[in-house]
Amino acid sequence: AQARPDLVALTIRIDTLDALNVRLALHRALGGDIGIYVLSVDHTHEQCVLQLQCDRAQLDALMHAVMSGLPRAEFGPVRPARAITVQ
């Protein structure tokens, strides 16, 4: 892992059935600019939680892509991304 002070992490909660739609919307809007993302599924509540990382400068575009594709998505906090995995 390598520290990157220009990266932020954003948490988003969506309905389980919207998971594919948010993935498509993010890749359509941001392409390769989106960094690491993790999708966890809560089958009990039929919700997914996404942890997204992007450059701080791309945060507005990331949030716009989510709002455009999934207006019912719930945004969580924006925090500094501690580290990323280099492959």
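Looking at D55, its side chain never comes within 3.5 Å of a backbone N or O of Q58 through a donor-acceptor pair.
Within the 4.5 Å cutoff, the side chain of L10 has heavy atoms near those of the F75 side chain.
To the nearest 0.5 Å, the span separating CG on L59 from NE2 on H64 amounts to 13.0 Å. Rounding to the nearest 0.5 Å places CG of L7 at 12.0 Å from CG of L52.
In this structure, the side-chain contact (heavy atoms from CB on, under 4.5 Å) partners of R13, at least two apart in sequence or on a different chain, are Q47, V49, E74. Under the salt bridge (Lys or Arg N to Asp or Glu O under 4.0 Å) criterion, D15 pairs with R72, sequence neighbours left out. Remark: A9 pairs with Q53, A81 by the side-chain contact (heavy atoms from CB on, under 4.5 Å) rule, at least two apart or across chains. Applying the side-chain contact (heavy atoms from CB on, under 4.5 Å) rule to V41 yields the partners T16, H43, C48; only residues at least two apart in sequence or on another chain are considered.
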Could you walk me through whether T11 and L50 satisfy the side chain to side chain contact (heavy atoms under 4.5 Å, CB included) test, starting with their C-alpha distance in whole Å, then the side-chain angles of each, then the deciding distance to 0.1 Å, before giving a yes or no?
CA-CA 6 Å; T11 301; L50 288 118; over 6 Å; no

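Across A73 and I14, no two heavy atoms sit closer than the pair CB-CG2, 3.7 Å.
Judged as a salt bridge (Lys or Arg N to Asp or Glu O under 4.0 Å), not a single pair has a partner in residues 57-68 (not counting sequence neighbours).
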